[in-house]
Enquirer: 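Structure provided below as structure tokens; questions to follow.
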Number of protein chains: 2
Amino acid sequence: MPTSEDENQYFKHTASESEFLRWYRAQHPSIDRSPLLTVDDVLISYRKKEDELKLLLIQRDTHPFKGSWALPGGFVLPKEAMETCCIRNTFEETGVQLTRTDIEQLYCFSEPDRDPRGWVVTVSYLAFIGKEEPLTKGKEARNACWFTLKRVNNHLILTYQDIRIELDLVTKRSIGEDRLAFDHDQIILTAYERILHQMYNNPRILLVLGSQFTISEARKVFAQILGIDFRLIDHSNFKKSMLKYFKEIGESPTGIGRPSKIYQLEKPSGSIL
Amino acid sequence: MPTSEDENQYFKHTASESEFLRWYRAQHPSIDRSPLLTVDDVLISYRKKEDELKLLLIQRDTHPFKGSWALPGGFVLPKEAMETCCIRNTFEETGVQLTRTDIEQLYCFSEPDRDPRGWVVTVSYLAFIGKEEPLTKGKEARNACWFTLKRVNNHLILTYQDIRIELDLVTKRSIGEDRLAFDHDQIILTAYERILHQMYNNPRILLVLGSQFTISEARKVFAQILGIDFRLIDHSNFKKSMLKYFKEIGESPTGIGRPSKIYQLEKPSGSIL
DNA sequence: TCAATAGTGTCTCTCAGACAATATGAG
DNA sequence: CTCATATTGTCTGAGAGACACTATTGA
């Protein structure tokens, strides 16, 4: 039973959240018998200039969680592979174009009450963006923004202008005023743990540096992840331990100080873990 | 539209597979628009007497893949958490009782054509069984058997009586006559890779030894996973590197040779990776 | 020239692996 | 006693971390 576009718009945007939920559940009578499947994408990038990690969030303009910030993602189309869905949704909502090798599966979240609309199961993916593309407004006209991601002690802090979202690594909960939609705080924390664990054996996180980078840039990315001053990571030791993952491709004559060599990631090696 | 039990039985057991599939898809008209969600469980145990790893498989007595061997698992009930489903299904089909801390999520498999019935997405779980409980015939009367699991070179070999299923670790494909149902070969290979990767940092695999074990028993389990003679693993070095995960709880006066000490796993530590 | 940055070299400590020596119990 | 099995100890080489030194460029 297709609904009129007007009705759709009204409930998604204008109605109250409880009105919306009543309407939505009437539209999907089977939602408590058979799950809806969604994909959520954790996209990480890094700006060399500002030495800041970024995480892509969109502001929801529809119920539920209207106005809240959330990970990009959405419903899987009929018989669509999850990876395809992840790539499609990311492009539609943010303009960022991914490929299959960019993304790695993170975790399936399936708590029955994680979505107020009913039974919605999500599979989360993680990707590192090397070249930060301009963000476009998706067809759903959602705002997509790169939030700054910082670790301070046992907290992850996401900021964009005056918005500040804080996640506790120990209790795995959000803290403070601004909250993320759904259980996206848990998804982000899971992504963070994944990055932390694979840093030294499979430093995919360095894909945020794009096709080439210097040792010091890599050190800075590591320091951002760990939430420490990059000078605490010894240049010499870091180089020794990471060189097996790098390939030297040239020398950079730019900037102050002794010119640094330029490296590539040897093999971005699909996520083994 | 509920169907009669007779009709159900006929199509699941007596009809041809193609007849069954036509009927099944008619019963689930939305199967190509909205996915069905299943859980598949990789259960591993170990028999000290025979020094053999075991993997639990059930023989399907219904279409599709009637007669083939498959992982235990099944459809998630309305608004049921996946973990609950995993535990429930395993008990129903095999009589093995798990708890939440026993299981760890493995991967979500979602290739659109992985199930001939239509769009069926599965989340796989991995568990290590310390005490091998007697297998009971589930309500679906499926045969549940512990297959012997051996690694030989780059193959995993599952055997039970005259049944021999061979999986290639490199190509990630089944080889030979006997094949597993669905993409369960891939699920088992994914589980094997997970075990291999977490062996030295989080040896959950040793949960197959139950509440207490000796160093040599742990060595033997490791050797089985690696597919090598256990004497190739130096007792002294192995002990040194693993002792941080063990707690000494006594001495075993039984058997030939110098009595060995008995250990427990320090903290079975939920799967970090 | 100095400050800033990056590359190189050295020393130590730890840990894994190879291997030797010792302890215990069954036969 | 001998053999099988476990434990304990020693030696060495690789790698991580602390730290000192050298090289190159801009101001």
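Protein chains get the first letters and strands the later ones, always in sequence-line order, with residue 1 at the start of each.
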Enquirer: Grab the CZ-P distance between R258(B) and dA21(C) for me, whole Å please.
Expert: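 Going from R258(B) (CZ) to dA21(C) (P), I get 17 Å.
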
Enquirer: Does dG7(C) have OP1 or OP2 under 4.0 Å away from a side-chain N or O of H235(A)?
Expert: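 It does, given that an N or O in the side chain of H235(A) lies less than 4.0 Å from OP1 or OP2 of dG7(C).
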
Enquirer: For residues L43(B) and F128(B), determine if any side-chain heavy atom of one lies less than 4.5 Å from a side-chain heavy atom of the other.
Expert: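 L43(B) vs F128(B): side chains apart.
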
Enquirer: Please produce a list of atom pairs where a protein N or O lies less than 3.5 Å from an N or O of nucleotides 9-15 of chain C.
Expert:
from	atom 1	to	atom 2	distance (Å)
dG9(C)	O6	S236(A)	OG	2.6

Enquirer: Please report how far the helix from dT1(C)-dA27(D) to dG27(C)-dC1(D) bends, comparing the axis fitted to its first five pairs with the axis fitted to its last five, to the nearest 10 degrees.
Expert: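 It comes to 10° between the two terminal axes.
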
Enquirer: On the 0 to 90° scale, with breaks at 30° and 60°, tag the F246(A)-Y263(A) ring pair as parallel, tilted or perpendicular.
Expert: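 Judged by the thresholds at 30° and 60°, the geometry between F246(A) and Y263(A) is tilted.
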
Enquirer: With no hydrogens and no angle check, do the side chains of T159(A) and K150(A) hold a donor and an acceptor under 3.5 Å apart?
Expert: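 K150(A) and T159(A) do not have a side-chain donor-acceptor pair below 3.5 Å.
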
Enquirer: Rounded to the nearest angstrom, tell me the gap between atom CZ in R219(A) and atom C1' in dA4(C).
Expert: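 About 13 Å, once rounded to whole Å.
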
Enquirer: For residues T214(B) and K261(B), is any side-chain donor paired with an opposing acceptor at under 3.5 Å?
Expert: no

Enquirer: Using atom CD1 of I256(A) as one end and atom P of dA6(C) as the other, report the distance to the nearest whole Å.
Expert: 10 Å

Enquirer: Would you say the side chains of R151(A) and Y192(A) form a donor-acceptor pair under 3.5 Å?
Expert: yes

Enquirer: Give the first and the last nucleotide of DNA chain D, reading 5' to 3', that has any atom under 4.0 Å from a heavy atom of chain B.
Expert: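 In short, chain B contacts DNA chain D from dA4(D) to dT10(D).
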
Enquirer: Going by distance alone, is a donor N or O of one side chain under 3.5 Å from an acceptor N or O of the other, for D40(A) and S124(A)?
Expert: no

Enquirer: Whole angstroms only, please: what is the CG-P distance between D229(A) and dT5(C)?
Expert: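 About 12 Å, once rounded to whole Å.
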
Enquirer: Going by atom types alone, do T101(A) and T99(A) pair a side-chain donor with an acceptor below 3.5 Å?
Expert: yes

Enquirer: Quick one about Y245(A) and N202(A) (side-chain donor to acceptor, distance below 3.5 Å, no hydrogens or angles considered), yes or no?
Expert: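 Y245(A) and N202(A) do not have a side-chain donor-acceptor pair below 3.5 Å.
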
Enquirer: Only one of I129(B), L207(B), L149(B) passes side chain to side chain contact (heavy atoms under 4.5 Å, CB included) with S45(B); say which it is.
Expert: I129(B)

Enquirer: Could you tell me whether the side chain of K220(A) reaches within less than 4.5 Å of the side chain of Y46(A), counting heavy atoms only?
Expert: yes

Enquirer: Take the angle between the ring planes of F222(B) and Y200(B) and call it parallel below 30°, perpendicular above 60°, tilted in between.
Expert: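 The arrangement is perpendicular - the two ring planes meet at more than 60°.
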
Enquirer: How close or far is atom P of dA16(C) from atom NZ of K239(B), stated in whole angstroms?
Expert: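 Atom NZ in K239(B) sits about 15 Å away from atom P in dA16(C).
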
Enquirer: Write down the distance between CD1 (I233(B)) and C1' (dA18(C)), rounded to a whole number of angstrom.
Expert: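 Those two atoms, CD1 and C1', are 15 Å apart.
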
Enquirer: Mind calculating the distance between CG (N201(B)) and C1' (dA16(C)) to the nearest angstrom?
Expert: 14 Å

Enquirer: Roughly, in whole Å, what's the span from CG in L232(B) to P in dA16(C)?
Expert: 19 Å

